[in-house]
Asker: 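There's a structure below that I have some questions on.
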Amino acid sequence: MAALKTLQQLARQHGTPLFVVDHDVLRRNYATFRKYLPRVQAYYAVKANPDAAIVKTLYDAGASFDVASMPEFMIVHDCIKNLPIKQRQDWIWDKIIYANPIKANETLQELDPYKALVTYDNSEEIRKIRKYAPHSGLVLRLKVANTGAMVELSSKFGAASGEAVDLILEADKAGLVVEGLSFHVGSQTTNFENFVQAINLAADVYKEANDRGYTKMNLLDIGGGFPAPYDATVKPFRELARKINAELDRLFPKNIQILAEPGRFMVATAGTAVSKIIGKAVRDGKLCYYVDDGVYHTFSGIVFDHCHYHMNAFKKGPAQICTVFGPTCDALDVISMAEELPSDLERGDLLYSVNIGAYSVASSTPFNGFPPARVVHINR
Ligand SMILES: *Cc1c(COP(=O)(O)O)cnc(C)c1O
């Protein structure tokens, strides 16, 4: 994250609420991912934070991209729009996966000329892709255990392992090419066994497909879910990487291309929110601070992402347990009921929250007329 002095300076210069992105941290996270998982190409999941400058920095670092809508696709496409058409098509084929298993007909139509990889997980989608995006490469999304993930995804997407090979053969019969398999173990997965189990399940499906005569698969997409180090209970990334590497090397030959779709891991630690105290009250004996950012805005992850963020003061002083409220009139707009903050903070004082780069500004709304935080980039 950015230095405290810098955050205060930026807040003075731009006002609050403020969302500060440190691009050195983005580059470092990308490098860490590549260092510990050398076999795995990182497709940044744009959903986590679709800011064009973030996408550009990761593009420059060599990242590939996971998109789930045409607007997300176009944000990435902007990075390559000046390349000649052929180079652009090759880049899209190599470096974009459209990883939303359910796509509208219109979306498939728009996507088709770009010839991208798309995920699917049922027969209905095969019929749609055949009709509207027959030039796509297919990746079958498998349903895998999401035990212990902060955000569960397995109830919405994924083919059961028992039907997986039937769905591959069905797509093949429809004249489509299934390039490989994908899964998602759940977001912020601190239970590393989820990855081990999922890779083993994918290896079983791979083998069954080969045994039943389908030999065109050449990629495995191990999805997202790589945990951000929100607190000390999250075990180091290199421990997870060691487990993943061991399973990949044991179960998949060298010529299989391995990809992953890290979202949170790349951006969470790169974002810091700075807000200002706009009111102060004592309610039921408890000190309450009201700030100019809240759960409808940068702190939306409290609701949508099941994430908790700590508020920190720049000023030091005798602390007590306080409530921190957002600025809207909705009682849901509570950042925290139990933050240890100095009791003598005043109107105008600033607070900050670290590790808030993922699933935060991305789901901010203009609810109740309060504008979203201004985004400032530190990119030396
Ligand atoms: C949201 C999502 C991701 C990113 O997940 P993280 O937990 O942020 O790494 C990757 N792939 C798919 C298909 C997703 O839906």
Side-chain angles (χ1 to χ4, degrees), residues 26 29-30 32-34 36-37 40-51 54-55 58 63-69 71-73 75-76 95-103 107 111 116-122 125 138-159 180-192 194-195 198-199 202 219-230 234 237 240-241 244 258-271 300-301 304-307 355-363:
L26 292 173
N29 289 345
Y30 179 77
T32 301
F33 195 92
R34 295 287 294 148
Y36 289 109
L37 290 173
V40 182
Q41 176 65 17
Y43 284 59
Y44 170 58
V46 173
K47 178 182 80 197
N49 193 323
D51 188 290
I54 290 174
V55 167
L58 291 170
S64 304
F65 296 92
D66 154 11
V67 300
S69 65
E72 284 188 2
F73 180 91
I75 293 168
V76 177
K95 298 202 166 235
I96 291 186
I97 184 162
Y98 194 104
N100 190 337
I102 308 291
K103 298 157 288 295
T107 304
L111 195 58
L117 281 178
V118 301
T119 62
Y120 79 107
D121 66 4
N122 66 42
E125 203 68 14
L138 273 62
V139 175
L140 179 69
R141 166 93 169 249
L142 299 171
K143 184 183 174 83
V144 298
N146 277 201
T147 320
M150 191 168 80
V151 186
E152 211 266 350
L153 296 162
S154 63
S155 56
K156 186 162 180 181
F157 297 123
L181 304 172
S182 78
F183 56 76
H184 197 304
V185 295
S187 202
Q188 187 67 7
T189 285
T190 48
N191 171 19
F192 295 169
N194 281 1
F195 277 99
I199 294 168
L219 74 82
L220 172 68
D221 175 354
I222 63 173
F226 306 91
Y230 290 125
V234 180
F237 180 67
L240 171 59
I244 290 174
I258 313 282
L259 29 146
E261 302 162 350
R264 185 190 304 280
F265 183 84
M266 293 293 170
V267 288
T269 53
S300 57
F304 296 121
D305 193 35
H306 317 286
C307 202
N355 298 341
I356 194 170
Y359 306 114
S360 51
V361 280
S363 42

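Quick note: numbers below take in every heavy atom, side chains included, and nothing from hydrogens, waters or symmetry partners. Ligands are counted one by one from 1 in listed order, and the atoms in each one are counted from 1 as well. For the single chain, residues carry numbers from 1 onward in sequence order.
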Asker: Side-chain contact test, heavy atoms from C-beta onward, threshold under 4.5 Å: evaluate it for Pro101 versus Glu125 and give yes or no.
Answerer: no
Asker: Evaluate Ser154 against Glu152 for side chain to side chain donor-acceptor pair (under 3.5 Å), listing each step before the verdict.
Answerer: CA-CA 6 Å; Ser154 63; Glu152 211 266 350; 2.5 Å; yes
Asker: Any non-hydrogen side-chain atom of Ile54 less than 4.5 Å from a side-chain atom of Tyr44?
Answerer: yes
Asker: side-chain contact (heavy atoms from CB on, under 4.5 Å), that's the test. Do Phe183 and Ile199 meet it? Break it down for me.
Answerer: CA-CA 9 Å; Phe183 56 76; Ile199 294 168; 3.9 Å; yes
Asker: I need the Asn146 CG to Lys156 NZ distance, nearest 0.5 Å.
Answerer: 13.5 Å
Asker: Exactly which residues line ligand 1, taking a heavy atom under 4.0 Å from it as the test?
Answerer: Ala45, Lys47, Asp66, Ala99, Arg141, His184, Ser187, Gly224, Gly225, Glu261, Pro262, Gly263, Arg264, Tyr359
Asker: Looking at CZ of Arg264 and CZ of Phe226, how far apart are the two atoms once the value is rounded to the nearest 0.5 Å?
Answerer: 12.5 Å
